[in-house]
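Notes follow once the structure below has been shown.
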Number of protein chains: 2
Amino acid sequence: MLSIGSLGRTAGVKVPTIRYYEEIGLLPEAERSAGNQRLFNLRSLHRLRFIRHARDLGFPLDAIRDLLSLSDQPEQSCAAADTIARAQLAEVEARIARLNALKAELERMLAQCAGGTVRDCRVIEVLGDHASCAAPHHGHPDIGKGT
Amino acid sequence: MLSIGSLGRTAGVKVPTIRYYEEIGLLPEAERSAGNQRLFNLRSLHRLRFIRHARDLGFPLDAIRDLLSLSDQPEQSCAAADTIARAQLAEVEARIARLNALKAELERMLAQCAGGTVRDCRVIEVLGDHASCAAPHHGHPDIGKGT
DNA sequence: CCTTGATGCTCTAGTCACTAGAGATATTAG
DNA sequence: CTAATATCTCTAGTGACTAGAGCATCAAGG
């Protein structure tokens with residue numbers, strides 16, 4: 001039986017995150033020690049590793065929930081898992097495309113910055129003036145929380 | 001003088017978002033009509049367009065705040081704006097690199113999926129087993145809100 | 001046996017950049 | 001004047017956690 005801390009270290013997940021996963025039902029409610037501390041078995045470790053791995057690949061928790069319920073039914077067809085992964089791939093590709101456009105625009109902006117005063121700054125000017133911009137501009141871009 | 005709705009339509013920003021920007025101090029407190037409705041002038045429109053444009057390029061609101069206070073002082077050096085834009089570019093490039101790694105991993109996973117039952121599903125298996133994975137796996141990836 | 005320090009518990013609130021909805025008031029077109 | 005639309009304030013919700021307060025428990029050393 002593992003404590004929450006050792007489970008976290010083993011799976012590479014922070015302790016509050018494990019509690020959070022339990023709270024939202026991604027992990028089953030853990031057993032408790034006599035002193036009310038959580039105890040985990042190896043199944044929990046596998047499950048948590050699965051979650052972390054999928055998170056690392058960018059799957060949102062809802063998709064992970066679906067994948068987990070699939071993996072609990074080994075006789076079923078693999079098609080649903082394939083569909084989820086394919087959707088995730090499409091999502092990732094769309095985000096890459098969007099970011100590449102942003103990158104080009106930022107580079108263009110920076111290349112034009114001659115380093116004078118703000119009055120003549122291309123960076124500021126381009127941001128203020130849509131006309132001097134080549135980016136697509138529809139809907140909101142990919143703004144993640146970074147690493 | 002523009003109503004909040006026409007300002008929003010003109011700048012391409014939703015009405016609650018404008019109120020939110022005012023609330024957090026990105027836009028100054030708007031004048032009010034006799035009936036307490038917000039009235040905006042063309043300066044506000046420019047400012048809002050600037051914000052939206054920078055958001056579209058992925059700048060976080062804090063960076064935009066800095067850029068705005070720079071653009072209010074046209075005699076100052078352009079260096080700070082350049083620095084902010086450069087940081088944003090680096091951020092975008094890092095995110096692209098990360099996403100490309102995810103894309104490769106997802107493609108690998110999907111290519112191996114023969115379409116049988118969940119028991120033999122490569123997608124599920126790869127997610128559960130770190131050893132069969134080629135992705136870097138350190139820190140959390142780019143998981144944005146999409147478009 | 002007792003203490004000490006690490007670890008655990010629950011709960012609340014904060015992050016970012018909005019979005020949604022309730023219920024009341026204002027403006028505008030016909 | 002009326003009806004439809006727009007706007008107001010306020011609260012709460014999103015996703016996926018993170019931070020911190022204030023207390024309880026546990027393992028190891030003396």
Task: Atom pair distance, as rounded to whole Å: CG in A/Asp56 and C1' in D/dC17 - done: 14 Å
Task: Any residue meeting side chain to side chain donor-acceptor pair (under 3.5 Å) with A/Ser3, in chain and number order, not counting sequence neighbours - done: A/Ser6
- [ ] Quick one: do B/Arg49 and B/Val13 satisfy side-chain contact (heavy atoms from CB on, under 4.5 Å)? Show the steps, please.
- [x] CA-CA 8 Å; B/Arg49 272 216 253 253; B/Val13 174; over 6 Å; no
- [ ] Please state how far atom CG in B/Leu39 lies from atom P in C/dA26, giving the value in whole angstrom units.
- [x] 14 Å
Task: Heavy-atom closest pair, residues B/Gly5 and B/Val15 - done: CA-CG2, 3.9 Å
TODO: In sequence, state the C-alpha distance, the side-chain angles, and the governing distance for B/Leu61 and B/Tyr20, and then conclude on side-chain contact (heavy atoms from CB on, under 4.5 Å).
DONE: CA-CA 12 Å; B/Leu61 291 185; B/Tyr20 170 72; 4.0 Å; yes
Task: Residue pairs passing the salt bridge (charged side-chain N to carboxylate O under 4.0 Å, His left out) test where at least one lies in residues 36-46 of chain A, sequence neighbours excluded - done: A/Glu22-A/Arg38
TODO: Could you state the atom-to-atom distance from CZ of B/Phe40 to C1' of D/dT7 in whole Å?
DONE: 11 Å
Task: Sequence-distant partners of B/Glu107, salt bridge (Lys or Arg N to Asp or Glu O under 4.0 Å), two or more places apart - done: B/Lys103
Open item on the list: For A/Ala80, give me all partners under side-chain contact (heavy atoms from CB on, under 4.5 Å), at least two apart in sequence or on another chain.
Closed with: A/Leu70
Open item on the list: Rounded to whole Å, how long is the line connecting atom CG of B/Asp62 with atom P of C/dT15?
Closed with: 11 Å
Task: Pairs involving residues 1-16 of chain A, ordered by first then second residue, that meet salt bridge (charged side-chain N to carboxylate O under 4.0 Å, His left out) (sequence neighbours left out) - done: none
Task: Residue-phosphate contact under 4.0 Å: A/Tyr21 side-chain N/O, D/dA16 OP1/OP2 - done: no
Open item on the list: Nearest whole Å is fine: how far is D/dC26 P from A/Met1 CE?
Closed with: 15 Å
Which atoms of nucleotides 1-7 of chain C (N or O only) lie under 3.5 Å from a protein N or O atom, and what are those distances?
none

Open item on the list: Strictly below 4.0 Å: does A/Lys14 bring a side-chain N or O up to OP1 or OP2 of D/dC17?
Closed with: no
- [ ] For side-chain contact (heavy atoms from CB on, under 4.5 Å), just list the numbers for B/Leu106 and A/Phe59, CA-CA rounded to whole Å, side-chain angles, deciding distance to a tenth of an Å, and then say yes or no.
- [x] CA-CA 11 Å; B/Leu106 285 167; A/Phe59 290 88; 3.7 Å; yes
Open item on the list: Without decimals, in angstroms, what is the distance between B/Ile24 CD1 and C/dG14 C1'?
Closed with: 15 Å
Task: Main-chain N/O of B/Ala11 paired with B/Arg52 side-chain donor or acceptor, under 3.5 Å - done: yes
Which atom pairs link the protein and nucleotides 1-5 of chain D when you take only N or O atoms and keep those under 3.5 Å?
none

Open item on the list: Under the rule for side chain to side chain donor-acceptor pair (under 3.5 Å), what residues qualify as partners of A/Asn41, not counting sequence neighbours?
Closed with: A/Ser44
Open item on the list: So, OP1 or OP2 of C/dG8: does either fall under 4.0 Å of a side-chain N or O from A/Ser33?
Closed with: no
TODO: Using whole Å, report how far CD of A/Glu31 lies from P of C/dC9.
DONE: 14 Å
Task: Step-by-step side-chain contact (heavy atoms from CB on, under 4.5 Å) determination, B/Ile18 to B/Phe40 - done: CA-CA 11 Å; B/Ile18 297 172; B/Phe40 298 88; 4.0 Å; yes
Open item on the list: B/Thr10: which residues meet the side chain to side chain donor-acceptor pair (under 3.5 Å) condition with it, sequence neighbours left out?
Closed with: none
Open item on the list: By nearest atom, which of the nucleotides C/dC18, D/dC17, D/dT7 is closest to the A/Leu61 side chain?
Closed with: D/dC17
Check: protein-nucleotides 10-12 of chain C nitrogen or oxygen pairs below 3.5 Å:
| from | atom 1 | to | atom 2 | distance (Å) |
| --- | --- | --- | --- | --- |
| C/dT10 | OP1 | A/Arg32 | NH1 | 3.4 |
| C/dT10 | OP1 | A/Arg32 | NH2 | 3.1 |
| C/dT10 | OP2 | A/Arg38 | NH1 | 3.0 |
| C/dT10 | OP2 | A/Arg38 | NH2 | 2.9 |

- [ ] Go through DNA chain D and write down every stem, that is, every run of at least three consecutive Watson-Crick or G-U wobble pairs with distances under 3.5 Å, as range with range.
- [x] C:1-30 with D:1-30
Open item on the list: Please enumerate all residues that pass side-chain contact (heavy atoms from CB on, under 4.5 Å) together with B/Arg65, with sequence neighbours excluded.
Closed with: B/Ile24, B/Leu26, B/Asp62
- [ ] Assign each of A/Tyr20 and A/Gly35 to its nearest nucleotide of DNA chain D by heavy atoms, then name whichever residue's nucleotide is nearer the 5' end.
- [x] A/Tyr20
- [ ] Could you tell me the separation between the CG atom of A/Leu2 and the P atom of C/dG8, rounded to a whole number of Å?
- [x] 11 Å
